[in-house]
Amino acid sequence: MSRALLSHILHRPPLLLAYAVLRDLAAASALLPSPLTLFFVGFLPVVWLRRSRGAERGGALPSRLRTLRLNCSVAEATASSDEAPAPPARKTRVVSGVQPTGLVHLGNYLGAIKNWVSLQDLYETLFFIVDLHAITLPYEAPQLSKATRSTAAIYLACGIDSSKASIFVQSHVRAHVELMWLLSSSTPIGWLNRMIQFKEKSRKAGDENVGVALLTYPVLMASDILLYQSDLVPVGEDQTQHLELTREIAERVNNLYGGRKWKKMGGRGGSLFKVPEALIPPAGARVMSLTDGLSKMSKSAPSDQSRINLLDPKDVIMNKIKRCKTDSFPGLEFDNPERPECNNLLSIYQIITGKTKEEVIRECENMNWGSFKITLTDALIDHLQPIQVRYEEIMSDPGYLDGVLLEGSGKAAEIADITLNNVYQAMGFLRR
Ligand code: ATP
Ligand code: MG
């Protein structure tokens, strides 16, 4: 396939993109109790309002993590209309990433990557492949670079557009590791010992086999975020504790080295880091395992049968849906706590078809599992097939992918180096 054609597919014209964003948001909102318009009418003013109130307080943010949800309420939205804040000086910046561990699955897509496609039109976005995080637990060295390339190609195939978002590999921007070291000196070890993920993962791995990196990777995550002076970080509920830690580290370093102290060192003064906020995706975007409707779909779950991978061929998808867990209730319904699998499968169907909840109920309430499974399988194949075709095209042109990653890391490094140099200066290092 020619590069021109590939570029045409990847860089869709603005009208098509606007349509895609509306379509995607409509699909996401269909899972929410509130209508689509709430995102536009509600979410953006609330972000700005909160930012301006922070500024009124002299920029001092409370240390408790404040989160923003994509589905905020009408009340919040209208309450802010008479105090419309001035727009921020620069575009609101959003960063996020996926680890190149295992295969990207439907949960990563619906819970993260698909939302990024909408975010790239609203914000300045940086999406990276967090390869340095992938080595915190035992891993296969020969697989790392392959998984990194594959994850980058999946970002592009899913619609992340390199003319809008910076797409890069974390380890290609050296500032991530350098800033992590500087931040480590100001991070009390007690803060890291409190991290639930560390406790859980180290217990699972057996304490003797756990590397120091499993304890300290939240500091690397803080570095990933703070380097870019990020305003918003889309995180799953499981990552909110790490984002709270990031905020605490930012405030501590700002207090220890920022402001007048930094000015005395020849710097600009003021905060070294923006204190970021969490952007929590809609609750309905949490995709559950195919074998247990109460556990989330996950790369690290031992059974491949529990997830649909984005690159699964048709017959594998068919087989996984055929064998997935169901129940013996008559008909199909959303939101019955006794039927988590039914809710999960209907929700997946709803998001990937872009239908409303009511449309799905009308279409499926009287179906039996046999006919719904065929309907769901067809919808999944229809949705994933174009992504798989684009993925193959991108992977068959390594020069193109390398170019995207090089450009992305160049843009990212420009921002990151400014922050890193400021921190070196404020901490008293001899200038290079
Ligand atoms: P692991 O099991 O190794 O932790 P994972 O499947 O959780 O892998 P991550 O790389 O940790 O994948 O997460 C990447 C992104 O995908 C994160 O933003 C996370 O919130 C999101 N995500 C992961 N699983 C799901 C899911 N089942 N539903 C919705 N979002 C998910
Ligand atoms: Mg995870």
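All of these numbers come straight from a predicted model, not from anything done at the bench. As the structure lists them, so they are numbered: ligands from 1, and atoms in each ligand from 1.
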Worksheet item: Looking only at atom types and distance, does a side-chain atom of Ser150 sit under 3.5 Å from a main-chain N or O of Lys146, one as donor and one as acceptor?
Response: no
Worksheet item: Is the shortest distance from a Lys or Arg side-chain nitrogen in Asp231 or Arg93 to a carboxylate oxygen in the other one below 4.0 Å?
Response: no
Worksheet entry | From CA spacing to verdict: side-chain hydrogen bond (donor to acceptor under 3.5 Å, both in side chains), Asn336, Glu333 | CA-CA 7 Å; Asn336 181 342; Glu333 60 187 328; 2.9 Å; yes
Fill in: Pairs involving residues 185-196, ordered by first then second residue, that meet side-chain hydrogen bond (donor to acceptor under 3.5 Å, both in side chains) (sequence neighbours left out)
none
Worksheet entry | Close-contact set for ligand 1 against His105 heavy atoms, below 4.0 Å | 6 (O), 24 (N)
Worksheet item: Considering only heavy atoms of Arg286, which atoms of ligand 1 have at least one such atom less than 4.0 Å away?
Response: 28 (N), 29 (C)
Worksheet item: Relative to the heavy atoms of Ala112, which atoms of ligand 1 are at a distance of less than 4.0 Å?
Response: 15 (C), 16 (O), 18 (O)
Worksheet item: Which atoms of ligand 1 have any heavy atom of Val287 under 4.0 Å away?
Response: 26 (C), 27 (N), 28 (N), 29 (C)
Worksheet entry | Per-atom contacts, ligand 1 versus Met297 - under 4.0 Å to a heavy atom | 24 (N), 25 (C), 26 (C), 27 (N)
Discussion item. Check this for me: does any side-chain nitrogen of one of Lys325 and Asp292 sit under 4.0 Å from a carboxylate oxygen of the other?
Written reply: no
Worksheet entry | Sub-4.0 Å atoms of ligand 1 with respect to non-hydrogen atoms of Gly111 | 29 (C), 30 (N)
Fill in: Nearest candidate to atom 8 (O) of ligand 1, where distance is taken over non-hydrogen atoms, out of Lys299, Gln239, Arg307, Met288
Lys299
Practice prompt. Hey, could you give me each pair passing ring-ring contact (aromatic ring centres under 6.0 Å, His included) that has a residue in residues 311-331? Not counting sequence neighbours.
Written response: none
Worksheet item: Should Gly107 be counted as touching ligand 1, given the test is an N or O pair under 3.5 Å?
Response: yes
Discussion item. When you compare ligand 1 with Lys296, is there at least one nitrogen or oxygen pair between them that comes in under 3.5 angstrom?
Written reply: yes
Discussion item. For Trp116 and Tyr155, take the angle between the two ring planes, folded into 0 to 90°, and tell me which bin it lands in: parallel under 30, tilted 30 to 60, perpendicular over 60.
Written reply: perpendicular
Worksheet item: Of the listed options (Val98, Val130, Asn108), which comes nearest to atom 13 (O) of ligand 1 when hydrogens are ignored and any heavy atom counts?
Response: Asn108
